[in-house]
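Structure first, commentary second.
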2 protein chains.
Amino acid sequence: MEKSGNRKSINEFGKFGLVNHLTRDVKPSNKSTITGVGDDSAVIDSGKDLTLVTTDLLLEGIHFNLIYTPLKHLGYKSVIRAISDIYAMNGTPGQVMIALGISSKFSLVQIEDLYEGIKLACTKYNVDLAGGDITSSITGMTIGVTAVGTVEKNNMVKRNGARANDLICVTGDFGAAFMGLQLLEREKKLFIREKVTQPDLSGFEYVVGRQLKPEIPVSTLSELKNKEIFPTSMIDVTDGLASDLLHICRLSDTGCRIFYSKVPIDYETSRVAGEFDIDPMTPALNGGEDYEFLFTIPLEMIETIKTIESVKVIGHMTTSGSGCFIVGDDGSEVEISAMGWKE
Amino acid sequence: MEKSGNRKSINEFGKFGLVNHLTRDVKPSNKSTITGVGDDSAVIDSGKDLTLVTTDLLLEGIHFNLIYTPLKHLGYKSVIRAISDIYAMNGTPGQVMIALGISSKFSLVQIEDLYEGIKLACTKYNVDLAGGDITSSITGMTIGVTAVGTVEKNNMVKRNGARANDLICVTGDFGAAFMGLQLLEREKKLFIREKVTQPDLSGFEYVVGRQLKPEIPVSTLSELKNKEIFPTSMIDVTDGLASDLLHICRLSDTGCRIFYSKVPIDYETSRVAGEFDIDPMTPALNGGEDYEFLFTIPLEMIETIKTIESVKVIGHMTTSGSGCFIVGDDGSEVEISAMGWKE
């Protein structure tokens, strides 16, 4: 069955690479298709504005573990995950659709809890639940979430618009959701091994909250618009700051330098990382699920961006071919690498 | 954990019922949301035309069995399944997006085969593959397909527009895909029990083809438009003719009478049903996966519809509360029932 010369394994590609490989020969033929495979959303010209559509799968055992993820939180997070891609193109989400696969182990009350979370997120972010389907599954729970949004033609921000010397900016802080997950995993093990039924998560509210109920920094995004800061590129940080930054660099054909001391990490994240005996920079760069935004702006916006407290400048873009490095306090440079294909 | 008064089980609802139950309190708040949960697609007002978005999950072991479904066919069918919902609203699909979950048991060549089928269907139906994501899975293969299309505001056909006395029309024939599946299941058992590796499917090309590589009757849909026949309601028959007809009746608040001898069944379907010792009307009414269209038109279109050979009139709508029946050659009436929650 093997085709000759095609023995490369899936893992060698990495996540983005595999999609690119599979769709390298795909050329849009419909006039309405503006952007195809590769960006946060498909972009469709629907007349006056652009319609953005994005779709995501959440699989039990991969994206969530029901031992420590309450279904209401899972529903909430599913919506956040989908609309995050719309915001990342500077769009406004309007609708979400949920395709649910559930096995017979789930009760009606559980599915109602899931939907309660879905509807809560929809209400909070002013998004309509505009469609849905439920199908039976033999393998636990699968959630397909599709989000639809709009953006004015001139305001769309893509992943490939960064240029050398642009400032690299981020909202919020990084690594918290990952450390929250480590804590929940630890409690799960205690639950399984020692039958400890009451998890002790006091003092860890921030990191656990970031894992279970992430929010999108919409007020920061609004502030950017109000101050007329138009990013040259933008991505939502869900795969990890390093991986998502490299993705922007690859698509924009730039290098980058970010500064070790500038990457925002919450105190609680550092403390929990310490407990687990890991450098907090590791989850900050590679943890993922931060639901923050990484974007680039022209250098001349530096004074304006400083007026937005919730945005930090962590580095700058460099010319193509100059590599992607993180610069330590002593001036040493370490190459940034993504952690391969992970979710 | 049970909420009082809420002990109804998931199975009691049926597929459509459960989604309706979970979303009964959902009211669209965005001006652009035209139709929410319940129809084939979400309908979004994007200015001049309407944007249709539909999303679907295909799960290994439920919607497909890789023992007898070649991956290329699976990819093809995934696209057909999604764009079928767009055609069912009288729209034209423009884009599809694929979210794929795959476990480590799949090789690159297999995923390439899947994508070959996806791209083949896209080319055939002039649809752009406009997005995609691949994620790891611990439970085999999961395919999420989202299709986007457009329809002019005046041309959209919904499920709730049928009126008493409207003619009930169908494209194509029914039950073939189901009988094809029975044959493939039989060959699978032979393969497992008796190690017969070469399935004998000669003489069964039509029903097996209908199962593995369904097509959408686009030329018939075009002919309807050309002859200015605007359906009052329409649905794609994927859950079974009976279930989908009942769905139209429920949403349109009508009853119906269809005639036993008018339901189109291919000769090969009947022959295979005979081999399995079942009444061919059973798969025709309840088999599903036909990818044909059921629609209603005003009675006065009867002469025009007769000029389209690929469309058959199988009955008519009746007033609300008069029930849904299939009428035998002897005039006897049997109530139409859906087969519950199945996929």
Side-chain angles (χ1 to χ4, degrees), chain A residues 1-3 6 8-10 15 18-19 22-23 26 28-30 32-33 36-37 41-42 44 46-49 51 53-57 59 61-62 94-95 97 99 101 106-109 111-112 115 119 126 128-140 142 144 146 148 150 341 343, chain B residues 1-3 6 8-10 15 18-19 22-23 26 28-30 32-33 36-37 41-42 44 46-49 51 53-57 59 61-62 94-95 97 99 101 106-109 111-112 115 119 126 128-140 142 144 146 148 150 341 343:
Chain A
M1 286 292 289
E2 294 267 320
K3 287 171 189 169
N6 214 345
K8 200 168 174 181
S9 84
I10 285 175
K15 181 180 153 178
L18 183 55
V19 177
L22 293 166
T23 59
V26 172
S29 64
N30 287 318
S32 62
T33 310
V37 186
S41 311
I44 295 151
S46 43
K48 199 172 129 273
D49 292 335
T51 298
V53 185
T54 174
T55 190
D56 246 323
L57 272 185
L59 306 176
I62 298 282
Q95 292 83 17
M97 305 170 74
F106 293 98
S107 71
L108 177 60
V109 174
I111 304 306
E112 286 175 335
Y115 261 77
K119 289 185 271 192
N126 191 29
D128 289 329
L129 181 59
D133 197 10
I134 298 183
T135 181
S136 43
S137 154
I138 51 170
T139 54
T142 303
T146 297
V148 184
T150 49
W341 181 0
E343 277 287 325
Chain B
M1 285 293 288
E2 292 268 321
K3 288 172 189 169
N6 214 345
K8 201 167 173 180
S9 85
I10 285 175
K15 180 180 153 178
L18 183 56
V19 176
L22 293 166
T23 59
V26 172
S29 64
N30 287 319
S32 63
T33 311
V37 186
S41 311
I44 295 152
S46 44
K48 199 171 130 273
D49 292 336
T51 298
V53 185
T54 174
T55 189
D56 247 323
L57 273 185
L59 306 176
I62 298 281
Q95 292 83 18
M97 305 169 75
F106 293 99
S107 71
L108 177 60
V109 174
I111 304 305
E112 286 175 333
Y115 261 77
K119 290 184 271 192
N126 192 29
D128 289 328
L129 181 58
D133 197 11
I134 299 183
T135 180
S136 44
S137 153
I138 51 170
T139 53
T142 302
T146 296
V148 184
T150 49
W341 182 1
E343 278 288 325

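Lettering follows sequence order; numbering is per chain, from 1. Values below: all heavy atoms of this structure, side chains included; hydrogens, waters and symmetry mates excluded.
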Gap between atom CG of B/L57 and atom OG1 of A/T142 - 0.5 Å precision: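 Separation between the atoms: 6.5 Å.
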Nearest 0.5 Å, please: how far is CD1 in B/I138 from CD1 in A/I62?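 These two atoms lie 5.5 Å from each other.
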Do you know which of B/G101, B/G144, B/S137, B/G140 has the most heavy-atom pairs with chain A at a distance under 4.5 angstrom?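 Highest number of heavy-atom pairs under 4.5 Å: B/S137.
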Quick one, B/D133 and A/D56 - any side-chain contact, counting heavy atoms below 4.5 Å?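 Counting from C-beta outward, B/D133 and A/D56 do come under 4.5 Å.
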Determine whether A/M97 and B/V53 satisfy the following criterion, side chain to side chain contact (heavy atoms under 4.5 Å, CB included), listing intermediate values before the conclusion. CA-CA 9 Å; A/M97 305 170 74; B/V53 185; 3.7 Å; yes
For B/D49, check salt bridge (Lys or Arg N to Asp or Glu O under 4.0 Å) against everything at least two apart and list the hits.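 By the salt bridge (Lys or Arg N to Asp or Glu O under 4.0 Å) rule, B/D49 matches no residue at all.
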